[in-house]
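Worksheet for the structure shown next.
First the proteins, then the strands, lettered A, B, ... as listed; each starts at 1.
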There are 2 protein chains.
Amino acid sequence: MALFLSRYEGRIDRKGRVLVPAPFRAAVADQRFGGVVCYPSPVELAIEGCDLARIELLANSIDSLNPFSAENGAFATTILGKSHQLAFDPEGRVSLPEALVAFAGIAGAMWFVGLGKTFRIWSPERLAAYEREAEKLARNEAGRLALRPQGVAT
Amino acid sequence: MALFLSRYEGRIDRKGRVLVPAPFRAAVADQRFGGVVCYPSPVELAIEGCDLARIELLANSIDSLNPFSAENGAFATTILGKSHQLAFDPEGRVSLPEALVAFAGIAGAMWFVGLGKTFRIWSPERLAAYEREAEKLARNEAGRLALRPQGVAT
DNA sequence: CATTTTTCCCCATGATATCCCATTTCATCC
DNA sequence: GGATGAAATGGGATATCATGGGGAAAAATG
C-alpha cells in the first residue's frame with residue numbers, strides 16, 4: 001500500500017485541474033488504478049485521499065459487518081458514497097469534484113499533507129489553524145504511541 | 001467483485017429508461033452479465049443494486065442456512081424473489097420495474113449512491129432525510145470500524 | 001392467426017471531460 | 001555558471017458520455 005509523506009502546495013487551474021505532487025503520484029504508481037480516491041474527511045474540514053487498495057480494504061471491512069445492518073449503511077453512505085475515484089491525466093493532474101472543494105473551503109491554493117497511508121488536502125487557512133492544535137496534542141500524547149511490528153502486511 | 005463509489009443523479013426519461021452512471025457501468029463491465037441486479041432494500045425505502053456475482057454469493061449464503069428454516073424462506077422471498085436482472089441497452093440504460101420505483105417513492109429524479117459492494121437508488125427527499133441520521137450514526141460508531149486485512153478475498 | 005402493445009436496437013445531436021502538445025519553470029549535474 | 005532533463009502549466013483538439021426519438025422485432029392479447 002502507498003506511503004504519503006511530506007507536504008506540497010497545490011493550485012486549481014482555470015479548467016478545474018489540480019496537479020498531484022509527483023511524490024504522491026509515485027507512491028501509487030505501481031497500482032492497478034493510476035490515480036487516487038478522495039472523500040470528505042469524517043473528522044476535519046479537509047479532503048482526505050488514499051489509494052484504491054485502501055478503499056477496497058475499507059469496503060471489505062464494512063461489508064464484513066452484517067451486510068444489511070444500519071452501521072453498514074451509515075458508514076458506506078457517508079464515506080464510500082462520497083468518495084471519488086480520481087484518475088490522473090497524462091500530466092498527473094486530477095479534477096477535484098466541486099463538492100469536495102466546497103467542503104474543504106478551498107479557493108485556488110491548497111496544501112497536500114502526507115499522513116502515511118492517507119493524505120489530506122487543506123485550505124491554507126484551515127491547515128494553519130489545525131496545526132496549532134495538532135502540535136499541542138502530539139506533544140502531550142507522544143509518549144503513548146507504540147510502534148507495533150506488523151504481522152499481516154497490507 | 002465490482003466496487004461502487006460516489007454518487008450520481010439519475011432521471012427517468014419519458015420512455016421509462018434510466019441511464020446508469022458510467023462509473024457504475026464500468027464497475028460491472030468485466031462480468032459475465034452486462035448489467036446489474038436490483039431489489040428492494042430490506043432495511044431502507046430505497047432500491048438496492050449490485051452485480052450478479054454478489055447475488056450469487058447471497059444465494060449461496062442463504063442456501064447454507066437450514067434449507068427449510070423460516071429465515072431461509074424469508075430472505076429468499078424478500079430479496080431473491082424481488083430481484084430483477086436489469087440488462088443495459090447499448091447506451092447504458094435500464095428500465096426500472098414499476099414495483100421498485102414505487103417502493104422507493106421515485107418520481108422522475110433519483111440518486112445513485114455507491115456503497116462499495118452494492119449501491120442504492122434513492123428518491124432525493126428520502127436520501128436527504130436518511131443522510132442526516134446516517135452521519136450521526138457514523139460519527140458515533142466510527143471508532144468501532146477497524147480496517148481488517150482480508151483473509152478471503154471476493 | 002391477426003392485431004396491438006411493448007421492448008429493444010439504432011442513430012443523431014449537444015455537452016463535457018480527456019487527451020495531446022507546446023511552452024515554461026525548476027532542480028541537478030557537469 | 002551554463003547545460004540538461006524532469007516536472008509543471010496552459011490551451012486547442014478530440015473522444016466519450018448523456019439525451020431524445022424513430023422504427024423494427026418480439027411478446028402479449030383477443
Side-chain angles (χ1 to χ4, degrees), chain A residues 2 4-38 47 49 52 83-102 106-114 119 121 124, chain B residues 2-30 33-38 49 52 83-102 106-114 119 121 124:
Chain A
F4 302 100
L5 297 176
S6 194
R7 61 182 57 198
Y8 305 89
E9 195 166 12
R11 179 164 298 284
I12 303 186
D13 71 13
R14 73 178 65 179
K15 287 174 91 171
R17 298 173 299 191
V18 176
L19 185 71
V20 176
F24 284 19
R25 283 170 6 225
V28 300
D30 58 342
Q31 315 247 319
R32 273 171 305 142
F33 170 61
V36 293
V37 178
C38 288
I47 301 169
L52 184 60
S83 296
H84 297 258
Q85 210 173 327
L86 306 178
F88 299 140
D89 77 2
E91 283 75 37
R93 293 170 290 197
V94 298
S95 46
L96 282 180
E98 179 53 35
L100 293 180
V101 171
I106 290 169
M110 72 198 75
W111 281 91
F112 289 80
V113 179
F119 60 89
I121 306 176
Chain B
L3 184 68
F4 302 99
L5 297 178
S6 195
R7 60 185 58 199
Y8 306 90
E9 195 165 11
R11 180 166 299 284
I12 303 185
D13 71 14
R14 71 180 65 179
K15 288 173 92 170
R17 298 172 299 189
V18 176
L19 185 70
V20 176
F24 284 18
R25 279 162 21 217
V28 300
D30 58 343
F33 169 60
V36 293
V37 178
C38 287
L52 187 59
S83 293
H84 297 260
Q85 214 173 323
L86 305 178
F88 299 139
D89 78 1
E91 283 74 37
R93 294 170 289 200
V94 298
S95 46
L96 284 178
E98 180 52 36
L100 293 180
V101 171
I106 290 169
M110 71 197 76
W111 282 90
F112 290 80
V113 179
F119 61 90
I121 307 176

If you look at every heavy atom in [X] and [Y], which pair is closest and at what distance?
X: A/Cys38; Y: A/Ile47; result: CB-CG2, 3.8 Å
X: B/Ala2; Y: B/Ala27; result: CB-O, 3.2 Å
X: B/Ala109; Y: B/Pro124; result: O-CD, 3.5 Å
X: A/Pro23; Y: A/Tyr8; result: CG-OH, 3.1 Å

ask   = What residue pairs, at least two apart or across chains, pass salt bridge (Lys or Arg N to Asp or Glu O under 4.0 Å) with a residue in residues 88-102 of chain A?
value =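 Residue pairs with at least one partner in residues 88-102 of chain A: A/Asp89-A/Arg93, A/Glu91-A/Arg93.
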
ask   = A/Phe88 has an atom CZ; how far is it from atom C1' of C/dC19, in whole Å?
value =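 The distance from CZ of A/Phe88 to C1' of C/dC19 comes to 16 Å, rounded to the nearest Å.
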
key: Whole angstrom value for the distance that separates P of C/dC8 from CD of B/Gln85   =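 Atom CD in B/Gln85 sits about 13 Å away from atom P in C/dC8.
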
query = Listed in order of residue number, which residues of residues 94-101 of chain B have a non-hydrogen atom at under 4.0 Å from DNA chain C?
reply =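 Contacts with DNA chain C under 4.0 Å: none.
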
Residue-level proximity of residues 6-23 of chain B to DNA chain C when a heavy atom falls under 4.0 Å =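 Only B/Lys15, B/Arg17 qualify.
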
query = On DNA chain D, which is the earliest and which the latest nucleotide, 5' to 3', with an atom closer than 4.0 Å to a heavy atom of chain A?
reply =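 Using the under 4.0 Å cut-off, the span is D/dA8 to D/dG12.
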
To the nearest 0.5 Å, what is the distance between [atom1] on [X] and [atom2] on [Y]?
X: B/Ser95; Y: B/Lys15; atom1: OG; atom2: NZ; answer: 11.0 Å
X: B/Arg11; Y: B/Arg17; atom1: CZ; atom2: CZ; answer: 14.5 Å
X: B/Gln85; Y: B/Leu52; atom1: CD; atom2: CG; answer: 5.0 Å

Could you list, one pair per line, each protein nitrogen or oxygen that sits under 3.5 Å from a nitrogen or oxygen of nucleotides 11-16 of chain C, together with the distance?
from, atom 1, to, atom 2, distance (Å)
C/dC11, N4, B/Glu91, OE2, 2.9

request  = Indicate yes or no: at least one non-hydrogen side-chain atom of A/Arg25 is less than 4.5 angstrom from one of A/Val94.
outcome  =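 SC-SC contact between A/Arg25 and A/Val94 ruled out.
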
query = Would you call A/Met110 and A/Ile12 a side-chain contact if the rule is heavy atoms closer than 4.5 Å?
reply =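 Yes - at least one pair of side-chain heavy atoms lies under 4.5 Å apart.
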
message = Centroid separation under 6.0 Å, is that true for the rings of B/Phe4 and B/Phe24?
response =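 That pair passes the under 6.0 Å test.
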
message = Given A/Leu86, which partner from the list A/Val37, A/Val20, A/Val18, A/Leu96 fulfils the side-chain contact (heavy atoms from CB on, under 4.5 Å) test?
response =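 Considering A/Val37, A/Val20, A/Val18, A/Leu96, a side-chain contact (heavy atoms from CB on, under 4.5 Å) with A/Leu86 is found only for A/Leu96.
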
Contiguous pairing runs of three or more, Watson-Crick or G-U under 3.5 Å, that involve DNA chain D =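 Only these stems qualify: C:1-30 with D:1-30.
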
inquiry  = side chain to side chain contact (heavy atoms under 4.5 Å, CB included), that's the test. Do A/Val36 and A/Phe88 meet it? Break it down for me.
reply    = CA-CA 8 Å; A/Val36 293; A/Phe88 299 140; 4.1 Å; yes

